[in-house]
Amino acid sequence: MRVRGSELVGLFLGFLYLSVTPMSSARFVVEKNSLRVTSPDKIKGTYDSAIGNFGIPQYGGSMAGAVLYPKENQKGCKEFSEFSISFQSKPGSLPTFVLVDRGDCFFALKVWNAQKAGASAVLVADNMEEALITMDSPQEDGSSAKYIENITIPSALIEKNFGETLKKAINGGNMVNVNLDWREAVPHPDDRVEYELWTNSNDECGVKCDMLMEFVKNFKGAAQVLEKGSYTQFTPHYITWYCPQAFTLSKQCKSQCINHGRYCAPDPDLDFSTGYEGKDVVLENLRQLCVFKVANETNKPWVWWDYVTDFQIRCPMKEKKYNKECADGVLKSLGLDASKIEKCMGDPDADSENPVLKEEQNAQVGKGSRGDVTILPTLVVNNRQYRGKLEKGAVLKAICAGFEETTEPAVCLSGDVETNECLDNNGGCWQDKKANVTACKDTFRGKVCECPLVDGVQFKGDGYTTCEASGPGRCKINNGGCWNDSRDGHSYSACLDFGNSKCQCPPGSKVMVLKHVKILMNAKRKRHVIVLNVVVKIPGEVTSALAVEIFSISGITTPA
Ligand SMILES: *[C@@H]1O[C@H](CO)[C@@H](O)[C@H](O)[C@H]1NC(C)=O
Ligand SMILES: *[C@@H]1O[C@H](CO)[C@@H](O)[C@H](O)[C@H]1NC(C)=O
Ligand SMILES: *[C@@H]1O[C@H](CO)[C@@H](O)[C@H](O)[C@H]1NC(C)=O
Ligand SMILES: *[C@@H]1O[C@H](CO)[C@@H](O)[C@H](O)[C@H]1NC(C)=O
């Protein structure tokens with residue numbers, strides 16, 4: 001079985017340790033939303049509930065509903081349609097909050113089944129008396145990933161006792177009304193939101209990595225608008241592991257770590273002999289941290305988002321481009337100072353601390369109300385860990401909930417984000433200034449580098465370093481990027497308007513033809529040179545069915 005990188009925390013690492021040890025001393029803080037029972041009177045009041053780490057919590061908002069406890073399928077592990085149960089609320093009535101019991105299957109599956117039956121939110125009653133925990137999505141299970149993606153309703157875990165209270169009230173024939181309130185789930189002290197994303201450059205660690213990469217790509221536009229307007233201060237972070245002293249010379253530590261075992265990442269394919277090694281990931285993570293540092297120094301911290309998304313697209317592991325050379329290409333196209341970044345990265349072979357990575361290890365440990373970071377990816381907004389699906393709209397809500405009321409930027413109110421990233425350095429994309437053609441396109445997701453369609457002519461290429469006109473009509477645009485010239489009122493072109501060939505010297509080799517003419521002209525310079533539209537063979541040249549430009553000497557003498 002292939003085990004994915006992101007779940008390796010404390011599991012398959014064997015040799016590697018987090019500065020935060022998840023099992024023992026870690027302080028895992030459960031992020032709570034508030035649950036208020038508004039009827040019946042007997043049980044009115046506020047109760048704790050823990051936000052599930054999937055679905056879309058309504059950060060900054062609240063939601064009212066009527067609680068329903070199904071008569072069958074009470075754990076929600078099967079489809080409710082099998083029991084002919086529907087939670088679809090009738091028009092005009094309150095939405096249905098479904099209460100299910102913990103146990104027998106994944107939390108996420110219960111929520112998914114309830115959503116499919118029409119629930120608007122799910123409350124999961126704990127089956128033991130304990131402090132609330134965070135309901136996480138199942139790790140890397142391919143089949144569950146498919147539905148987790150589609151969970152759009154919020155969910156919360158409630159304590160066992162409170163679950164019993166609710167069930168008793170419902171079974172007693174009461175209408176149980178509940179308000180779920182996320183308005184205090186994120187502190188909102190002032191008009192600037194500080195947030196962090198704990199991320200990873202490893203692009204081959206399965207479902208969670210794919211979701212993370214998709215999120216970064218989709219969120220980039222909004223992140224950059226917020227950052228440029230100084231509404232937010234964003235900081236990217238990278239988890240690193242370390243190798244215990246006794247093992248620093250082992251093969252595993254050597255392949256997974258830099259700086260003599262001080263900073264490590266799990267091998268992407270868990271095979272120490274082939275493919276990329278853990279230390280390749282640590283190095284790229286370090287580079288991305290340095291990109292942020294250098295960009296932040298020039299007051300353009302948002303360039304990190306460009307670098308990270310461009311690197312993802314241009315330098316994937318599966319194309320064997322996850323390396324320094326490719327990274328340098330991305331740095332160059334974004335106009336970043338590669339030498340500064342190199343300097344920031346330091347010497348990975350040195351037997352000493354790297355200040356940038358040391359800082360990251362320290363930041364992993366929680367302080368005050370802040371929990372330790374042990375899950376990848378983790379988003380922290382105003383020092384609170386975000387819970388829910390890592391999705392643009394949901395995350396934007398959480399960030400917007402972090403502004404003091406009335407200080408939210410327009411993007412929080414309208415929900416639409418406009419970006420003008422192509423104005424800056426052409427967004428790092430290919431362009432042909434002469435022909436005024438660019439591959440940079442502003443979209444609601446932020447910029448994309450995509451070869452354009454111009455006057456019906458499709459350009460093809462990677463969008464970053466090359467784009468070439470292709471197909472019919474391509475010679476209209478900048479002569480298809482090919483050589484052309486005009487002499488004596490006649491034009492010559494190496495562009496062929498059909499087929500897939502690139503530039504090609506014209507049939508019969510136009511260059512040769514022109515040489516001929518030149519020679520002829522030199523030899524008989526006192527004569528008029530007239531170009532006739534007559535086909536003439538030039539000795540030694542191949543002629544084709546295509547029109548070949550023909551030259552002739554008129555024989556009229558002119559004064560020198
Ligand atoms: C999730 O939603 C997508 C797009 O709406 C759909 O194609 C897909 O079948 C859904 N997956 C499941 C498991 O329902
Ligand atoms: C980024 O720059 C800002 C302002 O110059 C500074 O306050 C912040 O600490 C910097 N962040 C990092 C991670 O260096
Ligand atoms: C280049 O094209 C854009 C639109 O595609 C246009 O707005 C701009 O004025 C053009 N620039 C020049 C120099 O022609
Ligand atoms: C080259 O081709 C372009 C586009 O087809 C045309 O506008 C231009 O005048 C040509 N240049 C010469 C020197 O013939």
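From a predicted model like this one, the values you see are computed outputs, not experimental measurements. Atoms within a ligand are numbered from 1 in the order they appear, just like the ligands themselves.
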When you look at Lys324 and Asp328, which way does the salt bridge (charged side-chain N to carboxylate O under 4.0 Å, His left out) test go after all the steps?
CA-CA 6 Å; Lys324 178 175 187 313; Asp328 282 342; 2.8 Å; yes
Kindly indicate, with the supporting measurements, whether the criterion side chain to side chain contact (heavy atoms under 4.5 Å, CB included) is fulfilled by Gln385 and Thr378.
CA-CA 7 Å; Gln385 291 192 12; Thr378 288; 3.9 Å; yes
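When every heavy atom of Leu180 is checked against every heavy atom of Leu123, the shortest pair comes out as CD2-CD2, 4.3 Å. Across Met345 and Leu286, no two heavy atoms sit closer than the pair O-CD2, 3.4 Å. Nearest heavy-atom pair, Tyr242 versus Gln361, reported as atom, atom and distance to 0.1 Å: CB-NE2, 4.1 Å.
Glu391 is linked by a salt bridge (charged side-chain N to carboxylate O under 4.0 Å, His left out) to nothing, counting only residues two or more places apart in sequence or in another chain.
Annotation: Asn150 places an N or O atom under 3.5 Å from an N or O atom of ligand 1; distance criterion only.
Of all the atoms in ligand 1, the ones that sit under 4.0 Å from a non-hydrogen atom of Trp112 are 14 (O).
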For ligand 2, list all ligand N or O to protein N or O distances below 3.5 Å, rounded to 0.1 Å.
residue: ligand 2; atom: 2 (O); partner: Asn296; partner atom: OD1; Å: 3.0
residue: ligand 2; atom: 2 (O); partner: Asn296; partner atom: ND2; Å: 2.3
residue: ligand 2; atom: 11 (N); partner: Asn296; partner atom: ND2; Å: 2.8
residue: ligand 2; atom: 14 (O); partner: Asn296; partner atom: ND2; Å: 3.4

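Aromatic ring centres of Tyr322 and Phe311 lie closer together than 6.0 Å.
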